[in-house]
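First up is the structure itself, then whatever we jot down about it.
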Amino acid sequence: MIELFLSILLLSYYIFASGNLFILFIFKKNNFSFELAEYGFLGIIFLTILTYIIHFFLPLNQINNFILFLIILILGTILNFNKLWNLIKSNLIFLIFSFFIVVLMSIKFKVNEDYGYYHLPYIVNLISEKVIFGLANLQVNFAWNSSWLNFSSILYLPVLELKGVLLSNSILTIYVFIFLLNEIIKPKNVGKLSFFYLLFLSTYIFIKFARISEHGFDFPANFFLLISFYYLLKIHEIENEIEIKKNFILLLFFSIYCVTIKLSTFISPFIFLVAVILLIKKKIKINFLSKSLSISFFLFLLWTTQQFIYSGCFISFFDFTCFKNLPWYVQDITFSVSDATGAVNKSFNEYKGYLSKEEYIENFNWIGTWFNRNKIELSEHLISILFPIILLIILSYFNGSNKNLVFSKNVKHDKLYYILIFSISILGLAIWFIKSPVIRFGVPYIYIFIFLIFYYFLISKLIKQRLNYFPIYIILIVSLSFNMIKNFNRSIKVDKLEYWPEILNVKYSSNIIDDMQINFPNEKNDNYHKKKYCWSIPFICHMNAGNNLKFQRKNNYLIISKKFN
């Protein structure tokens with residue numbers, strides 16, 4: 001238990017120190033004032049960029065990661081120390097509270113269902129070998145690389161080993177909780193659209209995402225998209241030019257980052273474009289963006305370059321980005337990734353009828369099967385979103401206090417603005433539902449759409465004159481209590497000798513192919529499907545024992561390609 005506690009504490013500070021260095025480098029000449037949680041978010045992005053750069057030349061093993069860890073910890077602490085200490089002191093209550101909840105959430109959580117399938121095997125590749133050409137020939141899932149898995153790999157440190165990798169979502173969640181609570185209590189935010197947006201986003205996260213096991217890397221992608229939308233709302237509401245510029249830069253970084261984590265956050269470029277329109281309407285020159293745009297583009301370039309090295313395509317979902325004459329090009333990769341995410345995401349595996357896969361996905365034939373497959377999960381999300389909203393409306397309606405909140409009157413009700421944000425919501429929801437209606441992919445679109453509908457037709461009209469802090473505190477207390485009770489009940493059932501999440505120990509065998517040892521799962525007496533995955537089997541692991549694959553080294557880089565008879 002102490003090891004888990006200290007690991008989360010140390011890694012949280014590591015992220016904080018990384019954010020300090022990033023802010024000093026990017027914003028040294030600006031007068032921006034960042035919150036503690038924003039240091040954490042920017043620290044994650046900074047470390048992600050470093051992982052891409054380092055991995056082109058070196059594996060992200062314990063030695064290389066530890067050297068980087070020491071450099072950042074030392075420089076990130078001694079530079080701007082007084083500012084850092086004051087930030088910690090001013091956020092100490094939220095910091096301790098968030099830390100306590102996240103430690104509870106992290107005690108022996110169950111890893112995501114895809115963790116042993118391709119998340120952990122992908123990380124094992126990163127920590128064992130520098131960038132591998134044709135990595136997606138090992139497994140098609142490796143074609144859509146995720147920045148979150150790159151970031152997680154940097155936490156592979158001495159002593160912690162793979163345990164550190166498991167804590168990436170826990171570290172993010174600490175900063176998420178600090179951010180949400182800190183933004184909600186700011187007096188200048190109260191009563192605005194962005195206030196209610198973040199209030200109900202907070203209760204939604206506290207209730208529905210109470211366990212780290214429910215996160216995967218969908219949660220980081222969705223969260224960065226959702227706060228990008230929050231900063232868009234803030235840009236419209238405030239008049240201070242320095243604050244507008246700071247919020248715009250954060251929106252830029254977060255909207256780019258979420259796409260590199262997961263392409264299901266495809267709507268983020270539209271959020272950025274609306275933010276640009278707001279800047280133009282406010283007559284703010286965009287020359288302050290040069291450095292931030294360059295770094296954002298650099299991150300996107302690193303991400304697409306890594307995908308190109310892995311599969312021969314800059315973005316494997318789009319055939320026109322592929323170079324099919326490359327020796328490591330993954331044959332029919334665009335079809336493979338579309339097939340792996342198309343009919344499957346529309347619950348074809350649950351379908352019992354006579355339609356072919358192609359016929360099933362046409363003309364919305366899939367909706368009935370999809371709904372039966374997802375109705376429980378969808379209802380859980382809807383209840384988690386709607387319950388706090390309805391509770392606030394009821395409490396406000398029956399509340400007899402005369403100390404009502406003062407709603408901001410300096411925010412202009414711009415029809416174009418409301419049309420744009422509703423359009424983002426509807427567009428995102430429609431594309432998600434038509435193309436890939438996995439519930440966890442649609443979390444941001446479902447939340448934004450429901451919130452905007454309820455805000456526009458109910459919250460802003462029915463309770464505007466009756467709302468005070470009492471019902472707000474109640475819904476926050478209820479949602480946080482639910483989170484803590486759920487995790488406390490789970491934690492007391494855990495074996496006291498083991499607090500870390502379980503990674504399946506899979507038996508494996510080996511083949512020698514092209515003078516290289518190829519490992520593969522070999523659980524002869526266990527038909528449990530997860531025992532067929534690579535999990536943490538040593539590099540190189542291939543679930544099909546390396547059959548039909550060719551392995552070679554050129555200029556000290558490993559190239560994996562298909563064998564053709």
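The structure displayed is predicted, hence computed values, not measured ones.
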Between F451 and Y204, ring centroids under 6.0 Å
no
Is the closest side-chain heavy-atom distance between L157 and L11 below 4.5 Å?
yes
Side-chain donor/acceptor of N222 to backbone N/O of R440, under 3.5 Å:
yes
Spacing of NZ belonging to K208 relative to CG belonging to N483, to within rounding of 0.5 Å:
12.0 Å
Examine distances only and state if a side-chain atom of N20 and a backbone atom of G76 form a donor-acceptor pair shorter than 3.5 Å.
yes
Shortest non-hydrogen contact from S436 toward N345:
OG-ND2, 2.6 Å
Within this structure, what is the OG-CD1 distance for the pair S168 and I123, rounded to the nearest 0.5 Å?
6.5 Å
Determine, using ring centers only, whether F27 and F34 are less than 6.0 Å apart.
yes
Do the two ring centres, one from F266 and one from Y445, sit under 6.0 Å apart?
yes
Check this for me, if you would: do E241 and K282 make a salt bridge, where the nitrogen-to-carboxylate-oxygen distance has to be below 4.0 angstrom?
no
Residue among V176, I174, N169 satisfying side chain to side chain contact (heavy atoms under 4.5 Å, CB included) with L172
V176
Side chain to side chain contact (heavy atoms under 4.5 Å, CB included) evaluation trace for L232 with N247
CA-CA 8 Å; L232 174 66; N247 290 336; over 6 Å; no
Would you say I286 has more than 12 foreign heavy atoms packed within less than 6.0 Å of its CD1?
no
When rounded to the nearest 0.5 Å, the distance separating OH of Y455 from CZ of F195 is 11.0 Å
Do W144 and L263 have side chains that approach each other closer than 4.5 Å (heavy atoms only, starting at C-beta)?
no
What do the steps show when you test S255 against S228 for side chain to side chain donor-acceptor pair (under 3.5 Å), and what is the final call?
CA-CA 6 Å; S255 60; S228 297; 4.9 Å; no
Closest non-hydrogen atoms of I171 and I8, given as atom of the first, atom of the second and distance, are CD1-O, 3.7 Å
Go through the steps for K163 and E3 under the test salt bridge (Lys or Arg N to Asp or Glu O under 4.0 Å), then give the verdict.
CA-CA 10 Å; K163 293 177 181 178; E3 183 186 15; 3.7 Å; yes
Between N240 (side chain only) and E243 (backbone N and O only), is there a donor and an acceptor less than 3.5 Å apart?
yes
Quick check: closest heavy atoms across S384 and P388, and the distance to 0.1 Å?
O-CD, 3.3 Å
Does any non-hydrogen side-chain atom of F422 lie less than 4.5 Å from one of I453?
yes
Given the side-chain rings of Y14 and F69, with only the six-membered ring counted for Trp, is the space between their centroids under 6.0 Å?
yes
When rounded to the nearest 0.5 angstrom, what is the spacing between CD1 in I271 and CD1 in I227?
10.5 Å
Kindly determine whether I72 and L68 satisfy side chain to side chain contact (heavy atoms under 4.5 Å, CB included), including the steps that lead there.
CA-CA 6 Å; I72 288 179; L68 179 65; 3.8 Å; yes
Starting at OG1 of T203, measure out to CZ of F387 and round the result to the nearest 0.5 Å.
9.5 Å
Applying side chain to side chain contact (heavy atoms under 4.5 Å, CB included), run through I127 and L162 and close with a yes or a no.
CA-CA 10 Å; I127 65 181; L162 288 177; 4.0 Å; yes
Taking the side chain as every heavy atom from C-beta outward, state whether F177 and F206 have any pair of such atoms under 4.5 Å apart.
yes
Using the benzene-type ring in the case of Trp, are the ring centres of F219 and F209 under 6.0 Å apart?
yes
For I2, look at atom CD1 and say whether over 12 heavy atoms of other residues, nucleotides or ligands are found less than 6.0 Å away.
no
Any non-hydrogen side-chain atom of I184 less than 4.5 Å from a side-chain atom of S202?
yes
Do L21 and L79 come close enough that some side-chain heavy atom pair is under 4.5 Å?
yes
On the 0 to 90° scale, with breaks at 30° and 60°, tag the F224-F41 ring pair as parallel, tilted or perpendicular.
perpendicular
Can you check whether T48's main-chain N or O pairs, donor with acceptor, with W148's side chain at less than 3.5 Å?
no
Verify side chain to side chain contact (heavy atoms under 4.5 Å, CB included) between I295 and F253, making sure each step is shown before the conclusion.
CA-CA 9 Å; I295 292 172; F253 282 135; 3.9 Å; yes
Compute whether any side-chain donor of one residue and acceptor of the other, for N150 and W303, lie under 3.5 angstrom apart.
no
I want to know whether Y447 and F200 have ring centres closer than 6.0 Å.
no
Donor-acceptor pair, E237 side chain versus L193 backbone, under 3.5 Å?
yes
May I ask you to decide if the ring planes of F179 and Y231 are parallel, tilted or perpendicular, using 30° and 60° as cut-offs?
tilted
Enter the distance from Y257:OH to L42:CG here, rounded to the nearest 0.5 Å.
11.0 Å
Y39 and S18 side chains, donor-acceptor separation under 3.5 Å
no
If you draw a 6.0 Å radius around CD1 in I376, do more than 12 non-hydrogen atoms from other residues or ligands fall strictly inside?
no
Carboxylate-amine/guanidinium contact D114 K262, below 4.0 Å
no
Taking everything shown except L301 itself, do over 12 heavy atoms lie less than 6.0 Å from its CG?
yes
Any side-chain heavy atom of L452 within less than 4.5 Å of one from Y197?
no
Tell me yes or no: between the side chains of Y175 and E38, is some donor less than 3.5 Å from an acceptor?
no
Which atom names give the shortest non-hydrogen contact between V259 and S268, and what distance separates them?
CG2-OG, 2.9 Å
Taking all heavy atoms of L60 and all of S153, pick out the closest pair and write down the distance.
CD1-CB, 3.8 Å
Could you walk me through whether F46 and F25 satisfy the ring-ring contact (aromatic ring centres under 6.0 Å, His included) test, starting with their C-alpha distance in whole Å, then the side-chain angles of each, then the deciding distance to 0.1 Å, before giving a yes or no?
CA-CA 11 Å; F46 179 50; F25 172 66; 7.8 Å; no
Check for me whether the distance between the ring centres of F254 and F229 falls short of 6.0 Å.
no
Indicate the atoms forming the closest heavy-atom contact of Y230 with S194, along with that distance.
CE1-O, 3.5 Å
Looking just at side-chain N and O atoms, do S170 and S106 make a donor-acceptor pair shorter than 3.5 Å?
yes
Angle between ring planes, Y417 versus H236, binned at 30° and 60°: parallel, tilted or perpendicular?
parallel
I want to check something: taking the side chain as every heavy atom from C-beta on, are F66 and I71 in contact at a cut-off of under 4.5 Å?
no
